[in-house]
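Whatever order the structure lists them in is the order used to number ligands and atoms, beginning at 1.
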Amino acid sequence: MSALVPTYARADLAFVKGEGVFLETADGEKYLDFGAGVAVASLGHAHPALVNALTQQAQTLWHTSNLYHIPGQERLGERLAQATFADQVFFTNSGAEAMECAIKMARKYHSETGAPERYRVITFEGAFHGRTLATIAAGGQAKHLDGFGPVVDGFDQIPLGDIEAVREAITDETAAIAIEPVLGEGGILTVPWSFLRDLRALADEKGILLIFDEIQTGIGRTGKLFAHEWADATPDIMAVAKGLGGGFPVGACLATSEAAQGMKAGTHGSTFGGNPLAMAVGNAVLDVVLEPGFIEHVQSMSVRLKQKLAQICDEHPDVIEEIRGEGLMIGLKCKAPNQKLIEALFEEHVLTVPAGDNVVRFLPPLIVEQEHIDMACERLSTACGQVSASAS
Ligand SMILES: *Cc1c(COP(=O)(O)O)cnc(C)c1O
């Protein structure tokens, strides 16, 4: 029996090495990594710039705590603010902590501005915001809440896409609305961009805050630095993580100085959040992602991938129903059980990630090249054939 708490349904695979878009097992089998550790290894594996940044920092200084200034944190905060709507950043170690900070910040804002009764957050069906007690309440999914006692109070979940339903759900106790611009775990569902703009207008009208969870969609994943740029609607607060560290655990909660005004010294904290190792890597990730041409590369790879996938979808309608998503955050809505296709892809040495709504996620590293896309799609075609054959 394993000494690990069995919370994960792990595939019977282990990797010991990675390079670019490939992962390798102990016996030298190479896999094409189109999951990127759930949209985390944004620059692929062992990217020289990240290896260099981390080893240099490791030889210099690991940890001092937030009792002191951390130069790398000031720099990464400044750069994230420069690149976005935000004025200020709080660094965390994970996505859930970034969302937790966003929720606390929204509540504190209203308390600070004379409306402490405003503490509730409106969220949407199918959402995923993390696995802490508060973020499972925000996500509202029975399978995540079941057996963990009373659900943390303060979340009102409504159907996605109906602005009148949002308006009706806003009460004198509402602090904020929280949404993923593209639902990741929920099945790669792009929220209509007009809906994000409507939420912005409604939040302004009602004096409440708008929170975007860009933990999965951020850092170039959708073909913009942040997905909300497609919509031309900015939030007051935004949670970021996954791709920001390229594999090093780091998250961030970005905000306007208006929204962050309640977060004074002593109101929130993290021992590890924003430590020098994480900041060195985060800064190195931004060096690459902000380089001219990088985001355009993501967009052109996206076009290629979507075209090829559409073809395969046409050829195997019994396996794949629809291709959806933005940039290199693509969902294959399956007709066959998604796990069947994922397993057939394992056989072809391609790694993908399941999502809700019977979806298989393609989340390749953003440094993926045309040849890798062609290779993955050829193998997908074979895998679809296998799934069809095994069903008939
Ligand atoms: C992954 C994810 C989270 C949770 O991040 P963790 O680092 O696992 O805590 C929250 N929201 C979204 C949209 C995510 O994709």
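- Close contacts of ligand 1 with S94, meaning ligand atoms under 4.0 Å from a residue heavy atom, involve 7 (O), 9 (O).
- H228 has its side chain out of reach of L210: every pair of non-hydrogen atoms, C-beta onward, lies at least 4.5 Å apart.
- Not a single heavy atom of M99 lies less than 4.0 angstrom from ligand 1.
- With hydrogens left out, the protein atom closest to atom 3 (C) of ligand 1 is F128 CE2, 3.6 Å, a heavy atom.
- Of the possible donor and acceptor atoms, none in the side chain of E185 sits under 3.5 Å from a partner among the backbone N and O of F128.
- The contact set between ligand 1 and H129, taken as ligand atoms under 4.0 Å from a residue heavy atom, comprises 10 (C), 11 (N).
- Outside the 6.0 Å centre-distance limit, the rings of F85 and F212 are not counted as a close aromatic pair.
- Using a 4.0 Å cut-off between heavy atoms, E180 contacts ligand 1 through its side chain alone, with no backbone atom that close.
- Here the heavy atom of the protein found nearest to atom 9 (O) of ligand 1 is A96 N, 2.7 Å.
- If you check the side chains of E321 and N358, you find no donor sitting under 3.5 Å from an acceptor.
- Residue-to-ligand polar distances place G95 within reach of ligand 1: an N/O pair is separated by less than 3.5 Å.
- Panel note: side chain E214, backbone A227; a donor-acceptor pair is recorded below 3.5 Å.
- D213 OD2, 2.7 Å is the protein heavy atom nearest to atom 11 (N) of ligand 1.
- Membership of the apolar cluster around L67 extends to Y68, as traced through chained side-chain contacts below 4.5 Å between ILVMFWY residues.
- Between the side chain of H129 and the backbone N or O of T135 there is no donor-acceptor pair closer than 3.5 Å.
- Nearest to atom 2 (C) of ligand 1 among the protein's heavy atoms is K242 NZ, 2.5 Å.
- Atoms of ligand 1 lying under 4.0 Å from at least one heavy atom of G130, given by number and element, are 4 (C), 10 (C).
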